[in-house]
Undergrad: 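I have a structure I would like to understand better, so I am pasting it below and will then ask my questions one at a time.
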Amino acid sequence: MPDTMMNLHSIAAAVPEIYLTAAICIVLLFEAFVGAKRPGATGTLTLLVLVVGAALTVAYADVAHRVVLFDGTYVADPLAYVLKLAGFLAVAVALLYSRAYLQNRDILKGEYYVLSLSALLGIFVLISANSLLTVYLGVELLALSVYAMVAFDRESGVAAEAAMKYFVLGAIASGMLLYGMSIVYGLTGTLNLDGIAVALSAPHNLGVILGLTFIVVAVAFKLGAVPFHMWLPDVYDGAPTSVTLFIGTAPKLGYFALALRLLAHGLAGVTVDWTAMLAPLAVLTLVVGNVVAIAQTNIKRMLAYSTISHVGFILLGFVAGTVNGYGAALYYTLVYVLMALGFFGVVILASRKGFEADKLEHYKGLYRRDPLLALAMAMLMFSTAGVPPFVGFWAKLRIIQALWETQHLWLVVTAVVMSVVGAFYYLRVVKLMYFDEAPESLPDTVRSFGVRFALGVNAAAVLVLGILPAPLLDLCARVIH
Amino acid sequence: MLVEILFYIFATLLVAGALGVITARNPVYSVLFLVFCFVNSAAIWLLVEAEFLAIVLVLVYVGAVMVLFLFVVMMLDINLAEIRQGFTRFAWLGWITALAVIAEITGVIWRNGLGGVDVGRGFVSEPANYSNTLELGRVLYTHYAYPFELAAVLLVVAIVAAIALTLRRRPGLKVQDISRQVAVRAEDRLRVVKVSAEKRS
């Protein structure tokens with residue numbers, strides 16, 4: 001069987017996954033023999049693992065063309081390369097921010113890092129999935145790791161409740177995904193996404209639409225689109241903030257890839273149908289996300305609803321159904337991950353031992369207590385609201401441009417109106433920080449230099465990428481074609 | 001001919017067992033019926049020369065999963081009357097769904113046949129040196145090597161997650177420390193006391 005013969009050179013493009021699998025085992029063993037005696041050592045090792053992983057990815061996975069490996073179940077292309085680097089970066093930054101937080105809550109354990117790495121592996125599997133089987137395994141690997149992370153603080157009843165909700169609803173979504181996949185498999189006779197795309201480009205059975213419906217529901221659930229969003233605010237609110245930071249950032253890259261690989265590639269033959277299904281979902285998501293966020297008094301819940309509204313924008317990129325639309329959605333996803341790292345990072349840095357800065361009122365007068373943190377948060381909030389010259393503006397603009405090109409006028413109007421509604425609650429945070437008096441003496445923010453420097457770079461990146469948007473925009477347009 | 005007769009015997013028992021699973025009033029009986037179903041399915045798999053799958057079904061499902069099920073069912077104190085209450089309220093919905101599915105399946109088979117599957121073909125036995133285990137391994141470690149390894153990682157993550165969430169190290173627990181027990185020396189535990197003999201008075 002010559003087609004299944006592999007040598008080490010031919011699987012070089014799969015280095016990120018292979019390396020990460022080995023690294024998970026090493027970190028697990030390290031925790032068992034060394035980390036248990038020296039708390040924090042495992043965290044340092046994990047950061048090192050991520051840096052080395054990014055370097056190996058640059059060295060081996062930077063493919064010029066689409067490479068299909070492992071008998072068609074794995075694909076490496078420039079898009080996967082960019083998303084994987086972003087994944088390494090997002091997880092590393094998230095773990096860097098959360099270290100002090102974990103220590104303060106006695107959950108600084110090696111398993112936390114092992115689970116983060118396995119979640120990252122799940123994200124990579126999704127990014128490089130080229131078969132329904134790998135898509136499903138990626139979804140499960142990511143979800144299982146994340147459920148456990150949400151429940152990681154065993155003393156917290158709220159976290160256990162959130163994990164339970166997440167687990168049960170996630171199982172339903174997985175069931176939906178499997179239903180849809182089995183119908184599509186039954187009608188096309190192949191698990192391979194390339195094969196499905198070919199089969200659906202010819203005249204096909206109407207039953208595919210039934211399978212497609214299940215798949216769209218599962219994708220909408222995983223992304224947190226209305227009306228499948230109910231789990232999201234509870235999980236974001238109930239989970240420890242470090243976990244909220246984690247699940248709010250890197251997994252979005254994986255779920256973006258899930259939507260792109262499944263819908264835009266595998267089911268490209270029925271694009272008309274799934275864009276018609278996604279359009280109302282996207283509009284509902286924008287409206288509910290932005291309007292409900294206004295009523296929140298808990299900043300984690302507010303940011304959760306804000307996430308929902310951003311998911312609406314990403315879905316709008318898919319609704320456009322064009323290469324430009326997908327490129328805009330990719331750009332939006334990357335920019336959103338950058339901003340989410342920043343604002344959840346601020347929430348983590350404002351919290352201390354025994355004090356959770358999760359109410360909006362905790363941010364009153366933050367400017368006087370910690371001007372740098374307040375400045376970073378203000379920049380991030382302006383960017384999230386889509387105010388130029390910050391990068392969030394370009395992200396929204398690209399989506400709207402893509403919709404304009406495809407004559408979706410109503411969607412353009414909705415997107416613009418909802419951006420204005422969203423600006424209200426983002427700017428309210430800025431108002432609280434700069435113009436309100438602090439109600440009582442609140443504990444100091446985290447002052448350690450390394451983390452604050454990283455957050456500063458994060459906030460500065462939002463501004464710099466906003467002033468010089470061309471490189472990232474070109475990159476996104478180039479890798480999707 | 002013999003194979004056909006055996007197939008029908010096992011298939012009948014399987015269907016009867018499956019009916020037992022959903023009609024038994026006592027959940028413990030349901031679980032035992034399910035064990036019965038698995039054993040019969042394993043027998044049918046043996047008939048089509050899939051001996052590896054048959055053995056795995058018995059070892060893993062009957063031997064491990066169902067025993068665990070039994071434990072759970074016996075340990076949980078389920079009030080059956082409470083669960084049954086209001087159950088029949090939605091029975092009509094179940095009936096409608098079931099009938100709709102049956103109608104759909106019948107309709108599809110009626111219109112399209114079985115899609116080229118020849119049901120009258122019967123069993124075709126493989127050559128004498130055919131090994132089901134070998135064939136499975138050949139597919140798993142070539143075409144499906146990547147998903148297979150991923151499934152393995154998934155199991156590792158499940159173990160790590162389960163242990164991280166449930167293992168508690170509370171102080172003051174009376175647990176055995178095997179290495180300390182093994183390393184113990186006689187002089188730690190045994191004190192030889194010299195007792196001088198006394199004169200009988």
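Labels below follow one simple rule: chain letters A, B, ... track the order of the sequence lines, proteins then strands, and each chain is numbered from 1.
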Undergrad: Heavy-atom count check: over 12 atoms from other residues, nucleotides or ligands less than 6.0 Å from A:Y255 OH?
TA: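 Yes.
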
Undergrad: With a 4.5 angstrom heavy-atom cut-off, which part of B:A158 approaches chain A: side chain, backbone, both or neither?
TA: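 Contact with chain A: backbone and side chain both.
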
Undergrad: Show the nearest heavy-atom pair for residues B:L165 and A:A151, with the distance to one decimal.
TA: CD2-O, 3.5 Å

Undergrad: Contact part of A:L141 toward chain B, heavy-atom cut-off under 4.5 Å: side chain, backbone, both or neither?
TA: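 Both backbone and side chain.
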
Undergrad: Do other residues, nucleotides or ligands put more than 12 heavy atoms under 6.0 Å from the CE atom of A:M176?
TA: no

Undergrad: To the nearest 0.5 Å, what is the distance between CZ on A:R154 and OG1 on B:T166?
TA: 7.5 Å

Undergrad: Counting only heavy atoms closer than 4.5 Å, note whether A:L121 contacts chain B via side chain, backbone, both or neither.
TA: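 The side chain, not the backbone.
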
Undergrad: Out of A:T21, A:V114, A:V125, which one racks up the most heavy-atom pairs below 4.5 Å with chain B?
TA: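 Most pairs with chain B among the choices: A:V125.
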
Undergrad: OH/A:Y136 to CG/B:L154 distance, rounded to the nearest 0.5 angstrom?
TA: 8.5 Å

Undergrad: So with a 6.0 Å cut-off around CD of B:Q176, is the heavy-atom count from everything else above 12?
TA: no

Undergrad: A quick test of your reading: do over 12 heavy atoms of other residues, nucleotides or ligands sit less than 6.0 Å from CZ of A:F214?
TA: yes

Undergrad: Inspect the surroundings of OH in B:Y130 and state if more than 12 heavy atoms from other residues, nucleotides or ligands are less than 6.0 Å away.
TA: yes

Undergrad: How close do B:V160 and A:E111 get, counting heavy atoms only, and between which atoms?
TA: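 Minimum heavy-atom separation between B:V160 and A:E111: CG1-CG, 4.1 Å.
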
Undergrad: Evaluate side-chain contact (heavy atoms from CB on, under 4.5 Å) for A:L137 paired with B:Y146, printing each intermediate quantity in order.
TA: CA-CA 10 Å; A:L137 283 167; B:Y146 181 60; over 6 Å; no

Undergrad: Rounded to the nearest 0.5 Å, what separation is found between the CG atom of A:L133 and the NE2 atom of B:H143?
TA: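 A:L133 atom CG to B:H143 atom NE2 measures 13.5 Å (nearest 0.5 Å).
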
Undergrad: Atom CE of residue position A:M164 - does it have more than 12 heavy atoms of other residues, nucleotides or ligands inside 6.0 Å?
TA: no

Undergrad: Say you draw a straight line from CZ of A:F70 to OG1 of B:T142; how long is it, rounded to the nearest 0.5 Å?
TA: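 Interatomic distance, A:F70 CZ to B:T142 OG1, rounded to 0.5 Å: 12.5 Å.
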
